[in-house]
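Scope of the values below: all heavy atoms of this structure, side chains included, with no hydrogens, waters or symmetry mates. Numbered from 1 within each chain, the chains take letters A, B, ... in sequence-line order. It should be emphasised that the depicted structure is a prediction, and the values quoted were computed from it without experimental measurement.
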Amino acid sequence: MVLSKAVPSSSHDASLDCTFASRYVRDPLPRFKLPEESIPKEAAYQVINDELMLDGNPRLNLASFVTTWMEPECDKLIMAALNKNYVDMDEYPITTELQNRCVNMIAHLFNAPIGEEETAVGVGTVGSSEAIMLAGLAFKRKWQNKRKTEGMPYDKPNIVTGANVQVCWEKFARYFEVDLKEVKLKEGYYVMDPEKAVAMVDENTICVAAILGSTLTGEFEDVKKLNELLTEKNKETGWDVPIHVDAASGGFIAPFLYKDLVWDFRLPLVKSINVSGHKYGLVYAGVGWVVWRSKEDLPDELVFHINYLGADQPTFTLNFSKGSSQIIAQYYQFIRLGFEGYKNIIENCMENAKVLRQGLEQTGKFNIVSKEVGVPLVAFALKDRTYYTVFDISENLRRFGWIVPAYTMPADAQHIAVLRVVVREDFSRSLAERLVSDIHKVVQELDEQVKHVTKVVTTQVDITARGGGTDGALVHKSEQEIAEEVITYWKKLVSHKKTSGVC
Amino acid sequence: MVLSKTASESDVSIHSTFASRYVRASLPRFRMPENSIPKEAAYQIINDELMLDGNPRLNLASFVTTWMEPECDKLMMAAVNKNYVDMDEYPVTTELQNRCVNMIAHLFNAPLGESETAVGVGTVGSSEAIMLAGLAFKRKWQNKRKEQGLPYDKPNIVTGANVQVCWEKFARYFEVELKEVKLSEGYYVMDPEKAVQMVDENTICVAAILGSTLNGEFEDVKLLNDLLTKKNAETGWDTPIHVDAASGGFIAPFLYPELEWDFRLPLVKSINVSGHKYGLVYAGIGWCIWRTKEDLPEELIFHINYLGADQPTFTLNFSKGSSQVIAQYYQLIRLGFEGYKNIMENCQENAMVLKEGLEKTGRFNIVSKDNGVPLVAFSLKDNSRHDEFEVSEFLRRFGWIVPAYTMPPDAQNITVLRVVIREDFSRTLAERLVLDIQKVLHELDVMPSKKDIDIQKTKSVAAAWKRFVEDKKKTNGIC
C-alpha cells in the first residue's frame with residue numbers, strides 16, 4: 001500500500017493572513033515608545049479603526065455646534081485637497097483666490113462699508129480662537145500706538161466682556177497679557193448687560209467684545225444698545241473705545257433669519273467680527289473667519305508681506321502650514337447653497353428646536369432657559385432639583401447614545417445648571433422626537449429610582465430609629481428629619497459631578 | 001403628416017452638468033449668490049477651477065507631505081467630522097494624541113521615568129508649537145525676574161537670521177525682541193559663538209534650528225549647549241535653549257542617532273517638530289515637547305472639566321479636525337523605527353542622485369551640506385547672463401515648481417534654487433529633473449542675456465526686467 005503523505009508547506013507567508021488571523025491583533029498596541037518594526041498597512045488601519053469605534057458618534061454629539069455632516073460631493077473635494085498646503089499661495093493660486101472670495105462674501109454679508117471695486121480686509125483661520133486672537137492683537141496694537149502718541153502709559157490694556165464668554169477670550173487675555181474685565185451674569189440674565197459693560201470701560205480698554213450667540217444659551221447680545229451707550233461714553237471721555245463682535249455661532253444665522261437685527265458693521269463702533277466657518281457656516285472643524293471694517297482697523301505692522309513670483313501677498317495668521325480642504329469646502333457651501341440655501345437650513349434648525357422645546361415643556365419637569373430668538377439650541381434646567389440633577393440626566397442619556405452635556409452657569413449664576421442641545425443642520429425632526437421620548441424615559445427611570453431609594457433609606461432610618469441608639473432607647477425621627485437625611489444622601493451622590501467650563 | 005415636436009421641457013435637474021446653465025453663468029466672487037445650485041454643478045465648477053493649481057507632488061518647494069497610503073486616507077476621511085477638542089466625546093482620539101506625544105518625547109530622549117507621561121501637545125503646525133514654547137519661556141523668565149525684583153518688560157530671543165518666518169511672527173505678536181545672528185557667505189546657519197555673545201539678562205532663550213529652511217543644515221546644538229553652559233556659570237542667568245526641529249526632528253533620530261541635539265543636552269528645555277514634514281502626515285499637524293513639567297508654567301495651562309477627568313490644555317487653537325492626529329499615530333505604528341529609517345535613507349539616496357547629476361553639468365555650486373535634511377540647494381556658477389530666478393521660471397513650463405530665493409543678511413547677494421526631497425520623490429523623478437534642468441540651461445544659453453541688448457534699447461528693457469525681477473525677488477518669507 002502506498003501511503004500518501006501530505007507534506008506541510010515549508011514556510012507560512014505571514015502576508016497571506018487575514019488581519020484578524022495575523023499576530024498583529026495579538027500584540028499590544030504601542031503606547032509610549034515608537035515600535036521598532038513596521039507592520040502591514042491593513043493591520044495598522046484595522047487596529048486604529050477598531051479602537052476608534054469606541055469614540056462617540058459625532059452626529060449624536062449634541063454638545064457641539066461644529067458641523068458633522070457634509071454632502072458627498074464636498075467630501076470628494078476635501079479628499080482631493082488634503083495634500084495641498086494652504087500657505088503655498090504661489091503654488092496654489094486658485095485655492096488662495098477661493099479664500100479671498102470667501103472673505104469678500106462674508107464681509108458683504110456683514111455689511112462691511114466697502115466700495116464696489118474695493119476688496120475686503122479679512123483672513124481665513126483655523127477657527128474662531130485664532131480669529132479672536134488676531135482681532136484682539138489688532139485692537140491691542142492700535143491702542144498701544146494711540147497711547148504712545150499721547151505719551152500715556154500703555155502697559156495695562158484690558159478688554160471688557162461678559163462672564164459668558166467662550167474660553168478662547170480667556171486664553172487671549174492670558175497669553176497676550178491683557179486684563180479681562182468680565183461683566184457678571186445673574187439668574188435670569190445670562191448675557192452681557194450693555195450698561196454694566198460700558199460702566200466698566202476705562203482708558204485702558206482696548207475694546208468691548210459682544211457675543212452674537214452666547215455659548216450657554218444661544219442668545220444674541222444687544223450690540224445696537226452697546227453701540228449707542230458706548231458712543232455716548234466715547235463722546236464724554238474722548239477715549240474712542242471700539243467694539244468687536246464674536247459672532248462665532250450667530251454670524252451665519254442673523255443675516256439669514258433676522259435681517260432687521262442691526263449688529264454688524266452697520267453700527268459705526270464695530271471694527272471687527274469673527275465667525276466660525278465650522279459652526280453654522282456648515283463646514284467640518286477647522287475653519288474660521290475674521291473680517292475688519294477697513295484697512296485702518298488692521299495696523300500694517302502686524303501684517304507680514306510675502307513676495308512670491310508676482311503680487312505681494314499680505315498675511316496675518318498665527319498658523320502657517322495647514323490643509324486647504326476646509327477653505328475649499330467653505331467656498332463650496334457658499335456657491336452651492338447661496339443665500340436661500342442657508343436660510344432654508346437655518347429655518348429647519350429653528351423648527352426642529354421648537355419641536356424639541358415643546359416636547360420638553362410638555363413633560364412639565366423643565367424650565368427652558370434659552371430664548372426663541374438666537375442660535376437654534378435648547379437649554380433647559382430641572383424645575384425640581386432635590387433628588388437628581390441635570391448631570392444625572394446627561395449621564396443616563398449616554399446609555400441611549402445621546403451626548404447631551406450639562407453645565408453650571410458662570411458667576412454669578414453658578415447655582416443654575418442646564419442641559420444644552422445644539423440643533424445642527426443634520427438634526428432632523430425624527431431625531432428631535434426620539435430625543436424627547438428618550439428624555440421622558442430617563443426622567444421616568446430616575447423618578448422610579450428616587451421612590452425606590454427613598455423607601456430603602458427611610459426603612460434604614462426607620463430600623464435605626466427603632467433599633468435604638470447607644471442606650472437602647474428608641475429614637476424617633478420626625479418625617480422632616482427623615483426627608484432631610486434622604487436629601488443629604490442624594491446630595492452627596494450628585495455633588496461630586498458638578499463642573500463648569502463649556503465649549 | 002404629423003410633425004413630432006420634441007419640446008425640451010426636461011427637468012433642468014437631469015441636465016448633465018456641462019449641458020446646464022451653471023457652467024454658463026459667471027462664478028460668484030464677492031457676494032454670496034442668492035440661489036442654490038445643484039451639488040454636482042458646485043462640485044464640478046470648483047474642481048475644474050482647482051485644476052489650475054499646481055500639482056502638489058511636483059511642488060519641490062515644500063517640505064510638507066503630499067502623499068499618504070490609501071488606508072490612511074480612509075482613516076482621515078472617516079475622522080473629518082470629529083472635532084478634536086471634544087476630548088470627552090472622543091476619548092480614543094485624545095488618547096491617540098497622548099500616545100504620539102509620548103512616542104515623540106521618547107524619540108527625543110526626554111528624561112522620563114518608566115511610568116511618567118511626557119509633557120507635550122499636538123498643534124496645527126510648528127508655528128503654533130513655537131508660539132507655545134516661546135510663551136512658556138517668556139512667562140518663566142518674567143516670573144524669575146519678578147522674584148528678583150528686576151525689570152521684565154524687554155524680553156528678547158537670540159536666533160540666526162536663517163529662522164523661518166514664524167519666529168518673526170512670534171516676536172512681533174508676543175512683543176519679544178528678536179536678536180538675529182547674521183549669516184555670512186559660506187556660513188548659512190547660526191554661529192554658536194556669536195549667538196552666545198548676544199545673550200544678555202533679558203534673553204528668554206536661544207533658539208537653534210535642526211534643519212535650516214534655506215539649505216537643510218543642522219546647527220551645532222551641542223556646541224551651543226557647551227558655550228551657553230559656560231556663560232550661564234559666569235553670569236548666573238540660566239538661559240535655556242529651544243530646538244526648532246521642524247524638519248530635522250524626524251530625520252536626526254533615524255539617520256544620525258549619535259548626533260546629540262535633543263534633551264540629552266541639559267539646557268534644551270523644549271523642542272518642536274512638524275508632523276507634516278518628515279513626520280509624513282498631510283499639512284496641519286505639529287508637536288511641541290517640553291523636557292519636564294517644570295518647564296511649562298502651570299498658569300498657562302487651561303483646565304477644562306468635562307463629565308469626569310480633568311483635561312489640561314495648552315493650545316492657541318480650539319476646534320479643529322482630528323484627521324491629522326490619527327494619521328500621525330497611523331504612521332508611527334505602521335512604519336515604526338525601521339520604516340522611518342528606510343524612508344529617510346531613500347530620501348538621502350535620491351538627494352545624492354540629484355546632487356551628482358547637478359554637479360556633472362558643471363554649471364552649479366552645491367550650497368547644501370550632505371548631512372542634514374534631504375534637500376539640494378544650488379546656485380549658478382555664472383549668473384551674469386541669466387540668474388536662478390529665470391531657471392526657476394523655465395522649469396515651471398515642464399511642470400516642476402522649484403523656488404529660487406536670496407539668502408538673508410548678510411549674504412543677500414547669494415541666490416539659490418532649492419529642491420526638497422520628500423518621501424514621494426523617487427529616483428526616476430530625480431533623474432528626470434536633472435534632464436529637465438539641463439534642457440533649461442540649453443535654452444537659456446541661446447537666449448540673449450539682458451546685457452546683450454543694444455544700448456538704445458537698454459534703458460527701456462532694463463527697466464522692464466528690473467520690475468519683472470523685483471517682483472520675483474524672494475525674501476526670507478519661506479516655508
Side-chain angles (χ1 to χ4, degrees), chain A residues 30-38 41 44-45 48 51-52 54-56 58 61 64 66 68 71 73 82-85 88 91-92 94-95 101 104-105 108 126-127 129-130 137 168 175 284-286 306-307 309-310 318-323 332 334-341 403 499 501, chain B residues 28-36 39 42-43 46 49-50 52-54 56 59 62 64 66 69 71 80-83 89-90 92-93 99 102-103 106-107 124-125 127-128 135 166 173 282-284 304-305 316-321 330 332-339 401 471-472 475 477:
Chain A
R31 278 158 215 280
F32 291 105
K33 289 198 207 250
L34 190 63
E36 278 301 315
E37 293 169 353
S38 310
K41 49 193 167 87
Y45 168 80
I48 295 179
E51 210 178 340
L52 286 172
L54 293 165
D55 264 347
N61 175 10
S64 178
V66 177
T68 47
E71 287 177 323
E73 281 71 9
L82 267 184
N83 65 351
K84 275 192 194 169
N85 183 1
D88 279 340
E91 281 72 28
Y92 312 123
I94 308 293
T95 306
R101 287 184 203 168
N104 280 289
M105 288 188 186
H108 277 108
V126 162
S129 290
E130 186 185 357
L137 250 183
C168 65
Y175 297 164
Y284 293 129
I306 305 192
N307 310 26
L309 282 172
L318 295 179
N319 297 295
F320 194 68
S321 293
K322 62 190 185 205
Y332 173 92
F334 282 160
I335 70 165
R336 154 55 170 147
L337 298 169
F339 198 93
E340 67 167 342
I403 299 170
T499 57
Chain B
R29 278 157 217 280
F30 290 105
R31 279 177 210 269
M32 197 181 282
E34 277 301 314
N35 300 333
S36 309
K39 47 194 167 90
Y43 167 79
I46 295 178
E49 208 177 350
L50 287 172
L52 293 164
D53 265 346
N59 174 8
S62 178
V64 176
T66 46
E69 285 178 323
E71 282 72 9
V80 80
N81 66 351
K82 274 191 194 170
N83 183 0
E89 281 75 43
Y90 312 123
V92 180
T93 305
R99 289 182 202 168
N102 280 289
M103 287 190 192
H106 278 107
L107 195 65
V124 164
S127 290
E128 186 185 358
L135 249 184
C166 64
Y173 296 163
Y282 291 131
I304 304 191
N305 310 27
L316 295 179
N317 298 295
F318 195 68
S319 294
K320 64 190 181 204
Y330 173 93
L332 290 172
I333 70 166
R334 155 54 172 145
L335 297 169
F337 197 93
E338 66 166 343
I401 299 169
D471 287 342
K472 287 185 197 165
T475 55

Checklist entry - Closest heavy-atom contact between A/Leu337 and B/Ser36? => result O-OG, 2.6 Å

Checklist outcome for this item: Rounded to the nearest 0.5 angstrom, the CE-CZ distance for B/Met32 and A/Phe334 is 4.5 Å

Checklist entry - Heavy-atom distance under 4.5 Å to chain A: side chain of B/Leu316, backbone, both or neither? => result both

Checklist entry - Quick one: what part of A/Asn319 sits under 4.5 Å from any heavy atom of chain B, side chain, backbone, both or neither? => result both

Checklist entry - Where on B/Asn59 is there a heavy atom nearer than 4.5 Å to chain A: the side chain, the backbone, both, or neither? => result side chain

Next on the checklist: To check you understand the geometry: which heavy-atom pair defines the closest contact between B/Met103 and A/Lys33, and what is its length?
Outcome noted: CG-C, 3.7 Å

Item to check | Atom pair CG (A/Asp88) and OG (B/Ser62), whose distance is rounded to the nearest 0.5 Å | outcome: 5.0 Å

Checklist entry - With respect to chain B, which residue among A/His108, A/Glu130, A/Lys322 yields the maximal number of heavy-atom pairs within a distance under 4.5 Å? => result A/His108

Checklist entry - Between B/Lys39 and A/Glu71, is the closest basic N to carboxylate O distance under 4.0 Å? => result no

Next on the checklist: Can you give me the closest heavy-atom contact between B/Phe318 and A/Ser129, atom names plus distance?
Outcome noted: CB-OG, 3.1 Å

Checklist entry - Where is the tightest heavy-atom contact between A/Tyr45 and B/Tyr330, given as atom of each residue plus distance? => result N-CE1, 3.7 Å

Item to check | Residue part contacting chain B, namely of A/Leu52, when any heavy atom lies under 4.5 Å | outcome: both

Checklist entry - Considering all heavy atoms of both residues, which atom of B/Arg334 and which atom of A/Ala44 are nearest to each other, and what is their separation? => result CB-CB, 3.7 Å

Checklist entry - Considering all heavy atoms of both residues, which atom of B/Pro33 and which atom of A/Ile335 are nearest to each other, and what is their separation? => result CG-CA, 4.0 Å

Item to check | Partner chain A: residue of B/Thr93, B/Leu52, B/Leu107, B/Val80 with the largest heavy-atom pair count (under 4.5 Å) | outcome: B/Val80

Checklist entry - So what's closer than 4.5 Å to chain A heavy atoms on B/Val64: side chain, backbone, both or neither? => result side chain

Checklist entry - What part of A/Ile403 gets closer than 4.5 Å to chain B, counting heavy atoms only: side chain, backbone, both or neither? => result side chain

Item to check | Top of B/Gly321, B/Pro56, B/Ala42, B/Ser319 for chain A proximity - count of heavy-atom pairs under 4.5 angstrom | outcome: B/Pro56

Checklist outcome for this item: Cut-off 4.5 Å, heavy atoms of chain A, and the answer for B/Leu332 is both

Item to check | Contact leader toward chain B among A/Asn104, A/Ile94, A/Leu137, A/Thr68, where contacts are heavy-atom pairs under 4.5 Å | outcome: A/Ile94

